[in-house]
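One structure below.
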Amino acid sequence: MKTKSNIGKEIKLFGMGLSYLLPTFLLLGVFLFYPIIKTIQFSLSDVLDGGVVDHFVGLKHYLALFSSASFLNSIKVSFIFVLYTVPITIILSLFLAVIANEKLKGTKFFQMIFSSQLGISGAASSAILLFFFHPTLGTINNMLGFFGIPSIGWLTSPDWALFSVALATVWMGLSLNFILLLGGLQNISVDLYESATVDGAGYWTRLFKITIPLLSPILFFVTIINFINAFQSFGQIHILTEGGPSEATNLIVYSIYRESFIYGNYGFASAQAVALFIITLVVTLIQFKAGEGRVHYQ
Amino acid sequence: MMKKIIFYILLSVSAFIMFAPILYAISVSFMSASDINNAALLPSKPSFDAYKEAAERIPLLQFLGNSLLIATSVMIGQIILCSLAAFAFVFIPFKGKNFLFILLLSTMLIPFESTIIPNHVTIINLGWLDTYQALIVPTLVTPFGVFLLRQHFLTMPKELWDAAQMDGCSYFRYYLSFALPLSKATLGALSIFAFISSWNSYLWPLIMTSDDSVRPIQIGLKMLVSSQASNNWPIVMAGAIIALVPTLLILFFGLKYIRKGLLSGSIKG
């Protein structure tokens with residue numbers, strides 16, 4: 001049975017808890033919860049300049065999405081971009097993590113170099129690669145020319161641009177993956193390797209029978225993070241290609257940016273933003289669901 | 001022995017490939033236009049001209065100062081607000097705590113990119129376009145930061161809190177005198193993380209600023225890229241180097257903390 005003072009105490013604790021949480025929830029409310037609801041409202045309305053909702057139009061913008069060649073293209077290139085970047089980024093970072101995890105002198109130095117991209121902004125990396133990709137003066141075509149290979153329009157040819165932006169994205173994403181995977185490797189108990197070695201398992205057997213299976217929860221987590229990051233790429237596209245040539249690199253976030261802030265189609269852009277939200281949500285929920293059962297735990 | 005040599009070769013080659021673009025960008029930033037045309041590896045006459053010219057084309061120091069002010073404010077704000085929230089989630093037993101925590105975690109499902117249109121409208125309505133607060137306030141708290149500190153607070157011994165309570169220590173004094181001082185490493189990780197992500201953010205400042213007064217360096221770099229009609233690459237490389245050096249140094253000195261932070265956010269989470 002609750003006494004009066006108990007109820008008073010609970011109210012006091014509740015007030016105190018809320019006062020610590022108030023600034024956090026105020027900010028999240030204003031800049032995350034409210035705008036996501038508002039985005040949904042915009043996507044169902046015609047929106048005037050300055051974000052004034054003119055009138056409800058139902059699913060008009062969503063129907064327009066499915067008949068918009070530009071939007072369908074941006075969904076397509078976003079998924080192709082994910083396919084180009086995610087597997088390669090993970091394989092390369094896993095390779096870096098495995099070689100940097102050896103007990104050798106100086107690995108700290110190499111770990112630092114492999115982590116360096118985390119301290120470099122996407123804008124800076126992209127500006128540097130813009131020079132490397134330059135058709136006539138660029139480093140990559142110069143190197144190809146040295147071997148007698150004809151120049152490639154890395155960012156100017158519609159056939160190559162998405163690949164080039166993907167290449168840049170792989171480079172920029174290595175460090176985050178490297179740190180997560182190295183952490184995973186260092187969590188694997190040394191005893192397992194020792195007993196495997198006693199049983200006569202060689203380097204490759206240990207790598208494929210112990211390391212990679214035990215790493216699978218993190219590999220899974222990393223795949224999801226990479227999927228979301230790749231899908232939401234913006235900075236490198238804005239600097240390297242501005243969505244071109246002929247929309248070959250018009251990924252979904254760039255498409256939202258262009259539609260809303262350059263063309264001023266708030267309603268149509270909001271429908272795209274909702275599509276982005278739903279795709280991200282589905283991918284994240286898959287992680288929550290499958291992350292529990294499918295992967296291998298120690 | 002053979003195995004060692006193979007690993008050193010693999011490590012060196014990988015490190016070289018990964019870092020070579022940065023090293024070459026530094027080299028190019030000291031070159032002249034003719035070095036670029038000759039595809040030189042190193043500058044024939046190293047000079048700071050590109051840096052000087054970059055500073056003439058855009059208000060470089062102003063942009064650097066803006067970035068520093070914005071990133072520092074975001075960092076301090078995140079330390080205070082995230083730690084207050086995390087403290088309440090761990091130490092204050094109030095009704096509805098679990099619900100609020102789930103609500104907080106659910107915000108991680110909302111991609112910031114899908115909220116930019118109404119957020120832009122909000123900032124216009126607040127009259128904050130082209131102000132520092134537009135670039136600072138929306139990122140003053142992240143669910144990741146709250147989560148990270150909560151994980152750490154959970155590891156603090158319960159006996160300490162019991163003893164402090166017995167001595168009549170208030171919640172706020174416990175927060176100030178015990179919870180924060182005992183979390184230096186995690187707070188360090190969060191600070192570095194907050195600073196670097198704020199310094200490197202791009203999309204939000206791009207749509208929030210239309211004049212130079214509050215623009216951060218990343219957008220300045222884009223202006224430099226757009227302005228170089230005559231293929232003056234040393235200037236662009238100089239801009240890129242200036243934009244990346246501060247955070248790269250912070251990363252090198254704080255890598256230990258960052259790794260700890262990232263890993264406790266992913267593995268133990």
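Keep in mind that this is a model prediction, so the values were computed, not measured. Throughout, a chain's letter reflects where its sequence line sits, starting with A, and its residues are numbered from 1.
Between Ile120(A) and the choices Thr247(B), Val245(B), Leu248(B), Asn200(B), the side chain to side chain contact (heavy atoms under 4.5 Å, CB included) rule is met once, by Leu248(B). Put simply, the residue from Tyr174(B), Tyr171(B), Phe172(B) that forms a ring pair (Phe, Tyr, Trp, His ring centres under 6.0 Å) with Phe91(B) is Tyr174(B).
Contact annotation for Leu251(B): only side-chain heavy atoms (C-beta onward) come within less than 4.5 Å of a heavy atom of chain A. Neither the backbone nor the side chain of Ser19(A) comes within contact range of chain B; no heavy atoms are under 4.5 Å apart. Heavy-atom distances place the side chain of Ser260(A), and not its backbone, under 4.5 Å from chain B. The contact between Ile92(B) and chain A is made entirely by side chain atoms (from C-beta outward), counting heavy-atom distances below 4.5 Å. In this structure, chain A has a heavy atom under 4.5 Å from the side chain of Thr122(B), while its backbone stays farther away. Residue contact with chain B, scored on non-hydrogen atoms closer than 4.5 Å, involves the side chain of Ile256(A) exclusively. With a 4.5 Å cut-off on non-hydrogen atoms, Pro246(B) does not touch chain A at all. The parts of Leu104(B) that come within reach of chain A are both its backbone and its side chain, each placing non-hydrogen atoms under 4.5 angstrom from that chain. Of the atoms belonging to Phe89(B), it is side-chain heavy atoms, and not backbone ones, that fall under 4.5 Å from chain A. Heavy atoms closer than 4.5 Å to chain B are found nowhere in Ile11(A), neither backbone nor side chain. Using a 4.5 Å cut-off between heavy atoms, Phe110(A) touches chain B through its side chain atoms alone. Residue contact with chain A, scored on non-hydrogen atoms closer than 4.5 Å, involves the backbone and the side chain of Ile110(B) alike. With a 4.5 angstrom heavy-atom cutoff, Ile207(B) touches chain A only via side-chain atoms. In this structure, the portions of Ser116(A) lying under 4.5 Å from any heavy atom of chain B include both its backbone and its side chain. Heavy atoms of Lys105(A) lying under 4.5 Å from chain B belong to its backbone as well as its side chain. When heavy atoms are compared at a cutoff of 4.5 Å, Phe114(A) approaches chain B by way of both its backbone and its side chain. For chain B, the nearby part of Leu96(A) is the side chain; its heavy atoms alone come within less than 4.5 Å. Heavy atoms closer than 4.5 Å to chain B are found in the side chain of Phe261(A), but not in its backbone. For Leu249(B), no part lies under 4.5 angstrom from a heavy atom of chain A. At a 4.5 Å heavy-atom cutoff, the contact between His238(A) and chain B is made by backbone and side-chain atoms alike. For Lys3(B), the part lying near chain A is the side chain, with the backbone staying farther off; criterion is any non-hydrogen pair under 4.5 Å. Residue contact with chain A, scored on non-hydrogen atoms closer than 4.5 Å, involves the side chain of Ile258(B) exclusively. Using a 4.5 Å cut-off between heavy atoms, Leu10(B) contacts chain A through both its backbone and its side chain. Both the backbone and the side chain of Ser12(B) come within less than 4.5 Å of a heavy atom of chain A. Only the side chain of Glu102(A) comes within contact range of chain B, judged by heavy atoms closer than 4.5 Å. Heavy-atom distances place the side chain of Leu255(B), and not its backbone, under 4.5 Å from chain A. Within the 4.5 angstrom heavy-atom criterion, no atom of Phe109(A) approaches chain B. Contact of Phe234(A) with chain B is made through the side chain alone, with heavy-atom distances under 4.5 Å.
Relative to the ring axis of Phe101(B), Arg150(B) places its NZ or CZ within 45° and under 6.0 Å from the centre.
Looking only at heavy-atom pairs under 4.5 Å with chain B, the residue among Leu182(A), Ile228(A), Leu176(A) that has the most is Leu182(A). The candidate from Pro23(A), Gly17(A), Ser126(A), Gly15(A) with the greatest count of non-hydrogen atom pairs under 4.5 Å with chain B is Gly17(A). Listed options Val222(A), Val274(A), Leu285(A), Leu104(A) were ranked by heavy-atom pairs under 4.5 angstrom with chain B; first place goes to Leu104(A). Contacts with chain B were tallied for Val283(A), Thr280(A), Ile239(A); Ile239(A) has the most, counting heavy-atom pairs under 4.5 Å. Chosen from Ile128(A), Leu92(A), Leu174(A), Leu276(A), the residue pairing most often with chain B at heavy-atom distances under 4.5 Å is Ile128(A). Residue with the most contacts toward chain B among Ser115(A), Ala100(A), Ala275(A), Gly235(A): Ser115(A) (heavy-atom pairs, distance under 4.5 Å).
The backbone N or O of Leu64(B) sits nowhere less than 3.5 Å from a side-chain atom of Ser67(B) that would complete a donor-acceptor pair.
If you check the side chains of Gln117(A) and Ser125(A), you find a donor sitting under 3.5 Å from an acceptor.
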ring-ring contact (aromatic ring centres under 6.0 Å, His included) evaluation trace for Tyr257(A) with Tyr254(A)
CA-CA 5 Å; Tyr257(A) 164 79; Tyr254(A) 194 83; 5.7 Å; yes
Donor-acceptor pairs under 3.5 Å, side chain of residues 266-273 of chain A to any protein atom, not counting sequence neighbours: which ones?
| unit_1 | atom_1 | unit_2 | atom_2 | d |
| --- | --- | --- | --- | --- |
| Tyr266(A) | OH | His120(B) | ND1 | 3.3 |
| Ser270(A) | OG | Tyr266(A) | O | 2.8 |
| Gln272(A) | OE1 | Ser255(A) | OG | 2.6 |

